[in-house]
Amino acid sequence: MTTTPPIPNSNSSDISLLEDRRGSVHETGEAPVDMRCGLASLAGAVSQRACVFCGSRVVLYPVADAVHIVHGPIGCAAYTWDIRGSLSSGPELHRLSFSTDLRERDVIYGGENKLKAALLELIDLHKPNAAFIYSTCIVGIIGDDVEAVCRSVSAETGIPVIPVHSEGFKGSKKDGYSAACNALMRLVGNGDTTGIPHLSINILGDFNLAGEIWMIKEYYRRMGIDVIATVTGDGRVADIQRCHGASLNVVQCSGSMIHLAKAMEEKYGIPFIRVSYFGIEDMSRALYDVAEHFEDASLNAKAATLIQEEVAVVMPHLRELREKLKGKRAAVYTGGAFKAFSLVRSLRLLGMKTVIAGSQTGNKADYQELAELCEPGTVLLDDTNPLELAKYMQEKDVDLFIGGVKERPIAYKLGVAFCDHNHERKIALAGFVGLLNFAKEVDASVNSPIWNLVPRRRKTEPTI
Amino acid sequence: MTLLRHTSTDIKPRKALTVNAAKTCQPVGAMYAALGIHRCLPHSHGSQGCCSYHRSALTRHYKEPVMAATSSFTEGASVFGGQANLLKSIETIFDVYAPDIIAVHTTCLSETIGDDIPQIVSKATDKGFVPEGKLVIHCNTPSYIGSHVTGFSNMVMGMVKYLSQTTENTPGTFNVIPGWVEPSDMRELKRLMSVMDLKTILFPDTSDVMDTPLNGDREFYPEGGTTLEELKATGDSSATFALGSFASKAAADALTKKCNVPAEILDLPIGLRATDRFIDAVRTTAGIEVPNSLTRERGRLVDLMSDMHQYFHGKRVALVGDPDQLIALSEFCADLDMRPVYIVSGTPGKAFETKVLERLEERIPEVKIANGSNADMYLLHQWIKQEAVDLIIGNTYCKYISRDENIPMIRHGFPILDRVGHSLFPTVGYMGGMRLCEKILEAFLSKLDRESPDEKVELVM
């Protein structure tokens, strides 16, 4: 690592690390990993992170028969209008954008009246099964009593009207997940659980991007297990209200839903397991672990058969693609760390090597696990920024970047292929066929002829 | 089933609820404007989410990396004020990202807390966080006033307030304030000025910032952007052409007041007559002859309009987006013998309706205009359900209406999340007029080709 001052606009690999960031970057194999993480971002950094509101909004958004009203100035509603491909098999209310569009006079005199009026107009307009009210930064400052408005509107309309305490500055995106889970807990327990069989689960933490939850549900159905509620992908209010009748919570996405699973365990005694649906190993584990939970040998056998059938379908294609992907070097930067684990494993199955791995919100244990999973020499990054990403992409000679919306153009400008494993993915990447889809997508980008036409990862000073 | 199946034809007055907004908030406009300064790092003084959302929105629209820093407010900042965060930010930014200038904009949070940005910046200077020769400018962008257009306007005005200077020099330059238009438009405006052989300072200028070539390296500060020297020199220019009163008038007026530079406030030069007015204003102000090449360029647009006028005739159009764009587009649509019947902008301002009506010259008595609070795409969709249109011009979010009602649409405005071209090909000037005609015709004619019964499919159109 150099200690020269940064020289933006020169070749990015000349850029040194900011002193305050040294603890949040680790090269595996150097020493035991003790990542500095879980901290607030350094003020002034070009962070890739978002806020509490963002966390709540992405988690609750797929509940499709509820209305989601953003209480604040227009921006927070505008930026989160249908940006996530969470598919619904029925209503599409979640794809609309509702806002109280707070104006200056509301900020001065308070927004409670406007919120109440907006809620009444909205509920009258769409007759939803529930309403979620998201507080934004400003609501926390002007001190609107959102709880009171919700109680009064709920009494007037007869539907659950639930406040989400998601003021942007009150922590990180992770705290937004908790706020969303608290909101969901107000729904859970209000429905009739009659008729729910013993072999039943809830799927927590899948958002049905590109229809993934339909695939996962079908796998469990084939094992003879009922899925009571999908929280929140393709979610419905009534399902969530009765999901405390299920025997097990199956939780994907380490960050977003663990809080709900823990709360349900505490209140209703429902155990939970953590799973990932990405990659053959993790997907299979997700089925076996559920079977194991129910201590039913026939379930285990059904899972084995299912996995065998599914793997048999995708394996020949995967082998072909592996030939084309062998030896390519990948960088992985995700929101939560759990997805990074799955991606490292999946990439290995495809013959690729992860040379950079990071997340926005991982904790110390996550990074230790990530370090064990990756080969020596892998750069681990917590809450990184574009400068660091560019620096390591060049230093590690990366062929593929897996990340989200803000990372895509950074990769392309460096002449590096890209795969969106975040909100904007267009094809299902979960499940067995998901790995094949993933491999196809990676192949289409990594082996695109465009990279032969660009000055790939130029090492010399710009000449023009 | 349709995507917007929840839209009812029955229009009930709404006082409090906005559905599918036709605007967003101020700070993103300030960020976009600040990106048009060379080697500038925009800074969002508020929660992390604001900065993240604005960067994502701009990245989706331009397919370019967007660099901006944030004060990363926490609970403490909301109680004790954001001074500590901004001080640390200024120190960090100059240390790590080494810009020539930081352009700070506020958010609803920091505005409501009441942070005094100039006071904090002067403290940062006292503490030595601002290196010699480097600058920090700011503007206030409370999200609960105006819209993203207001934020853009405020940041451009901030540039004038902080940077424009009057010296002894009379360089004979002309300022062009382009308004919130695409990098392609800014490039085209510079070309038009250079065709007229005038020395121009265009500010802000996002060309070569938001449309950079792939060169295999990460340029943290791209080549483009108005330089600090140019921004300072705006005070010595002979005149300012401010394009679009909503986005550009405030800065032009500030420059007149501060440096006595006379200003012409014009419409955005979209369409034939708005471009004519722009070129003519330049001609008279600069005392030049319009070069023949430009006259011939204009002639090609008029030629295209006459060649295809039957296909434009009587077509009903819905326009939704930002006021400066809509004022110019409504005139151009009417000039093409189309009928711009619904005009919706989320940006408030009484002047909007007056201006649109003025440009329509009583040609469209049935026009419905709405702007400001509760003027949203839901209302537009309801109008369309009551009486359909033949074309929608607006941002990507119009695609739901377009699909549900089987009405062709042209993407214009912000944001465009699902198509390319806007950052590369202008819609301003005569060339832009030709491009708009081409896009409109393509929309009409391809629908005709697709939907005509076999016996009526025409080869020649």
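All values reported here derive from a predicted model rather than from experimental measurement. Order of the sequence lines sets the chain letters (A, B, ...), proteins ahead of strands, with each chain counted from 1.
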Undergrad: With only heavy atoms counted, which part of Val28(B) is less than 4.5 Å from chain A, the side chain, the backbone, both or neither?
TA: both

Undergrad: Return the minimal non-hydrogen interatomic distance between Leu93(A) and His6(B), and the atom names on each side.
TA: N-NE2, 3.3 Å

Undergrad: Can you see whether Lys406(A) engages Ser52(B) through a side-chain donor-acceptor pair at a distance of less than 3.5 angstrom?
TA: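 Short answer, yes.
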
Undergrad: Given that the side chain runs from C-beta out, which part of Ile108(A) has a heavy atom under 4.5 Å from chain B: side chain, backbone, both or neither?
TA: neither

Undergrad: If you compare all heavy atoms of Gly90(A) against all heavy atoms of Arg5(B), which two are closest, and at what distance to 0.1 Å?
TA: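 Heavy atoms only, the tightest pair is O-NH1, 2.8 Å.
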
Undergrad: Any side-chain heavy atom of Glu167(A) sitting closer than 4.5 Å to one from Ser78(B)?
TA: no

Undergrad: Kindly determine whether Asn374(B) and Asp101(A) satisfy side-chain contact (heavy atoms from CB on, under 4.5 Å), including the steps that lead there.
TA: CA-CA 9 Å; Asn374(B) 314 118; Asp101(A) 184 18; over 6 Å; no

Undergrad: For the pair Tyr378(B) and His126(A), name the ring-plane relationship: parallel under 30°, tilted 30 to 60°, perpendicular over 60°.
TA: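 Aromatic pair Tyr378(B)/His126(A) classed perpendicular.
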
Undergrad: Going by salt bridge (Lys or Arg N to Asp or Glu O under 4.0 Å), name the residues that satisfy it together with Lys123(B), two or more places apart in sequence or in a different chain.
TA: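 Here no residue qualifies.
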
Undergrad: Taking the side chain as every heavy atom from C-beta outward, state whether Tyr97(B) and Leu387(A) have any pair of such atoms under 4.5 Å apart.
TA: yes

Undergrad: Quick check on Val405(A) against chain B: is it the side chain, the backbone, both or neither that has a heavy atom closer than 4.5 Å?
TA: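 For Val405(A), heavy atoms of backbone and side chain both lie under 4.5 Å from chain B.
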
Undergrad: Where does Leu58(B) contact chain A at under 4.5 Å (heavy atoms): side chain, backbone, both or neither?
TA: neither

Undergrad: When heavy-atom pairs shorter than 4.5 Å are enumerated against chain B, which of Cys51(A), Ser47(A), Ser97(A), Ala78(A) gives the highest number?
TA: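 Looking at each of Cys51(A), Ser47(A), Ser97(A), Ala78(A) in turn, Ser97(A) comes out on top.
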
Undergrad: Determine, step by step, whether Lys15(B) and Glu121(A) satisfy the salt bridge (charged side-chain N to carboxylate O under 4.0 Å, His left out) criterion, reporting the C-alpha distance in whole Å, the side-chain angles of both residues, the deciding distance to 0.1 Å, and the verdict.
TA: CA-CA 8 Å; Lys15(B) 285 206 180 82; Glu121(A) 286 172 7; over 6 Å; no

Undergrad: What residue, out of Gly404(A), Gly171(A), Gly140(A), Cys54(A), has the most heavy-atom pairs lying under 4.5 Å from chain B?
TA: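 That would be Cys54(A).
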
Undergrad: Within the 3.5 Å criterion, strictly below it, is a donor on Tyr79(A) or Ser56(B) matched to an acceptor on the partner's side chain?
TA: no

Undergrad: Is Ile141(A) close to chain B through its backbone or its side chain, or both, or neither, when contacts mean heavy atoms under 4.5 Å?
TA: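 Just its side chain gets close to chain B.
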
Undergrad: Any idea which heavy atoms bring Gln394(A) and Gly216(B) closest together, and the distance?
TA: NE2-O, 3.9 Å

Undergrad: Given that the side chain runs from C-beta out, which part of Asn113(A) has a heavy atom under 4.5 Å from chain B: side chain, backbone, both or neither?
TA: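 Contact with chain B: none, neither part.
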
Undergrad: Given a strict heavy-atom distance threshold of 4.5 Å, which part of Ile142(A) is in contact with chain B: side chain, backbone, both, or neither?
TA: side chain

Undergrad: So which bits of residues 69-77 of chain A come within less than 4.5 Å of chain B, counting non-hydrogen atoms only?
TA: Ile69(A), Pro73(A), Ile74(A), Gly75(A)

Undergrad: Is it the side chain or the backbone of Pro415(B) that comes within 4.5 Å of chain A heavy atoms, both, or neither?
TA: neither

Undergrad: Could you check which of Lys114(A), Arg95(A), Glu104(A), Arg105(A) has the highest count of heavy-atom pairs closer than 4.5 Å to chain B?
TA: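 Answer, by heavy-atom pair count under 4.5 Å with chain B: Glu104(A).
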
Undergrad: So which heavy atom on Thr59(B) is nearest to which on Pro409(A), and how close?
TA: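 Answer, listing the atom of Thr59(B) first, then Pro409(A): CG2-CG, 3.5 Å.
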
Undergrad: Is Ser172(A) close to chain B through its backbone or its side chain, or both, or neither, when contacts mean heavy atoms under 4.5 Å?
TA: neither

Undergrad: Could you check which of Cys137(A), Gly176(A), Ala118(A), Ala43(A) has the highest count of heavy-atom pairs closer than 4.5 Å to chain B?
TA: Ala43(A)

Undergrad: What part of Lys63(B) is in contact with chain A, defined as an atom under 4.5 angstrom from a non-hydrogen atom: side chain, backbone, both or neither?
TA: backbone

Undergrad: Return the set of residues passing salt bridge (Lys or Arg N to Asp or Glu O under 4.0 Å) with Asp376(B) (not counting sequence neighbours), or none when no residue passes.
TA: Arg14(B)

Undergrad: Let's test your reading of the structure: which of Cys50(B), Ala84(B), Ser44(B), Ser143(B) forms the most heavy-atom pairs below 4.5 Å with chain A?
TA: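 The option with the most such pairs is Ser143(B).
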
Undergrad: If we define contacts as heavy-atom pairs under 4.5 Å, which of Phe53(A), Trp81(A), Phe98(A) has the most with chain B?
TA: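 Option with the greatest count: Trp81(A).
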
Undergrad: Which pair of heavy atoms, one from Trp451(A) and one from Leu214(B), lies closest together, and at what distance?
TA: CZ3-CD1, 4.4 Å

Undergrad: So for Ala57(B), is it side chain, backbone, both, or neither that comes closer than 4.5 Å to the heavy atoms of chain A?
TA: side chain

Undergrad: Pick from Tyr62(B), Tyr400(B), Phe73(B): which one has the most heavy-atom pairs with chain A under 4.5 Å?
TA: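 Top option by heavy-atom pairs under 4.5 Å: Tyr400(B).
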
Undergrad: With a 4.5 Å cut-off on heavy-atom pairs, point out which of Gly76(B), Pro142(B), Ser47(B), Ser71(B) contacts chain A the most.
TA: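 Of Gly76(B), Pro142(B), Ser47(B), Ser71(B), Ser47(B) has the most heavy-atom pairs under 4.5 Å with chain A.
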
Undergrad: Side chain, backbone, both or neither: which part of Thr212(B) has a non-hydrogen atom closer than 4.5 Å to chain A?
TA: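 Both the backbone and the side chain of Thr212(B) come within 4.5 Å of chain A.
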
Undergrad: Can you tell which of Gly168(A), Ser99(A), Gly55(A) has the highest number of heavy-atom pairs within less than 4.5 Å of chain B?
TA: Ser99(A)

Undergrad: Could you check Phe220(B) against Val46(A) for side-chain contact (heavy atoms from CB on, under 4.5 Å), going step by step and ending with a plain yes or no?
TA: CA-CA 11 Å; Phe220(B) 198 81; Val46(A) 181; 4.3 Å; yes

Undergrad: Identify which of Pro27(B), Ser8(B), Gly146(B), Cys51(B) forms the greatest number of heavy-atom pairs closer than 4.5 Å to chain A.
TA: Gly146(B)

Undergrad: Taking salt bridge (Lys or Arg N to Asp or Glu O under 4.0 Å) as the test, write out the residues that go with Asp322(B), two or more places apart.
TA: none

Undergrad: Any non-hydrogen side-chain atom of Phe169(A) less than 4.5 Å from a side-chain atom of Thr74(B)?
TA: no

